[in-house]
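The structure appears right after this line, and notes come after that.
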Amino acid sequence: MNFENLIRDIYQKLKNIEDPGETASYIPELSKVDPTNFGIHISTINQSNFGIGNFDDKFSIQSIAKVLALILAYRIVGDEIWKRVGVEPSGTSFNSLVQLEADKGIPRNPFLNAGAIVVSDILISNLKNPKEEFIDFVRSISGNSGLEYSSKIAQSEKETGYRNVALCNFIKSFGEIENEPSDVLDFYFDLCSLEMSCKELSELFLFLANNGCQMKTNKEILNESQSKRINALMQTCGFYDESGEFAFKVGLPGKSGVGGGIIAIHPDQYAIAVWSPKLNIKGNSYKGMKFLEEFTTRSELSIF
Ligand code: GLN
């Protein structure tokens, strides 16, 4: 399969289409990003890698980082984690408060803000220097020591993240947050501020296409069963209340972020990252979704 020609072709076709989306202005720093950025990078199991457009420019990966926090927490506490967060799609938006009341502070899944806040709490309880140890973990799985949080983005969100403050306090009221909400939120906002390019993202996530093993070193990040479970969660919950549509149109496990990035995994084949900052109404990259739909349709490769 010649991914390069296909990616080039779809990129050219979509580059200048009318994009009805909007950048995520609720985090002021994100609305300063040039909305015309558009980049794609694929990293494959057989090492044929390719990028186009702004594939080498760093952007705020936002909720894509929730997958990495979950992986580290899963490595540390194992299946105990599922007592604190569920594995069900929510059918609600990423920052919704509504189900938490009925579910008594147990978020439906780890990719909702509520779920990632609980995962942040678990990491804080289990790590001595949570922020340093988390970024070290991310650098070690990517083999890239240049990965960083963005203090600008984190600060911008800390100033305006009222819903996340509400979520964390609400969960704490059910006794489902162990640490001080301010510490948990501080970690969560830094987590969401991680910056990477499409190239760095697709290289990092390739281990999920390789049964949980880092490609270059063969080091096990997750065992095979854990790796399958993370992919299953990305498939069912990675796009909030658009997860069904993503499965329907794209047919791959994936995760989006409000920075406009999407990572998608084809087990045993590749990891592909797309970045286009304008979001649809569900908070997922408009062009990113379009690109991946066309990519899996025309390559006739999906997990279904
Ligand atoms: N930092 C963002 C928030 O908490 C993450 C949301 C997202 O990327 N979907 O609102």
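Keep in mind it's a predicted model, so treat the numbers as computed, not measured. Remember, it's 1-based here, ligands and their atoms both numbered in the order they're listed.
Stacking of Lys287 on the aromatic ring of Phe38 is recorded, both the 6.0 Å distance cut-off and the 45° axial limit being met.
Separation of the Phe239 and Phe111 ring centroids does not fall under the 6.0 Å cut-off. Between Trp275 and Phe291, the gap from one ring centroid to the other reaches at least 6.0 Å.
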Given the rule in the ring pair (Phe, Tyr, Trp, His ring centres under 6.0 Å) test, do Phe304 and Phe248 qualify, once you have shown the distances and angles that lead to the verdict?
CA-CA 10 Å; Phe304 297 108; Phe248 187 72; over 10 Å; no
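Counting the atoms of ligand 1 from 1 in the order shown, those under 4.0 Å from a heavy atom of Cys192 are 1 (N). Short contacts between ligand 1 and Gly257, defined as distances under 4.0 Å to a heavy atom of the residue, involve ligand atoms 8 (O). For ligand 1, the atoms closer than 4.0 angstrom to any heavy atom of Asn164 are 3 (C), 4 (O), 10 (O). Contact atoms of ligand 1 toward Gln62: 1 (N), 2 (C), 5 (C), 8 (O) (distance under 4.0 Å to a heavy atom of the residue). Those atoms of ligand 1 with a heavy atom of Tyr240 less than 4.0 angstrom away are 7 (C), 9 (N).
Ser90 and Asp241 form no side-chain donor-acceptor contact under 3.5 Å, judged by distance and modelled atom types alone. Ser60 and Glu195 share no donor-acceptor pair across their side chains, judged by distance under 3.5 Å alone.
The pair Lys172-Asp121 does not count as a salt bridge, with every side-chain nitrogen at least 4.0 angstrom from each carboxylate oxygen.
Protein heavy atom in closest approach to atom 10 (O) of ligand 1: Tyr26 OH, 2.5 Å. The protein heavy-atom contact nearest to atom 3 (C) of ligand 1 is Glu157 OE2, 3.0 Å. The protein heavy-atom contact nearest to atom 6 (C) of ligand 1 is Ser63 OG, 3.0 Å.
Here Asn113 has side-chain heavy atoms under 4.0 Å from ligand 1, and that is the only part of it that gets that close.
In this structure, the side chain to side chain contact (heavy atoms under 4.5 Å, CB included) partners of Asn210, at least two apart in sequence or on a different chain, are Ile45, Cys213, Met215.
For atom 4 (O) of ligand 1, the nearest non-hydrogen atom from the set Phe94, Tyr188, Phe111, Phe189 comes from Tyr188.
Residue contact annotation: Asn95 has no non-hydrogen atom under 4.0 Å from ligand 1.
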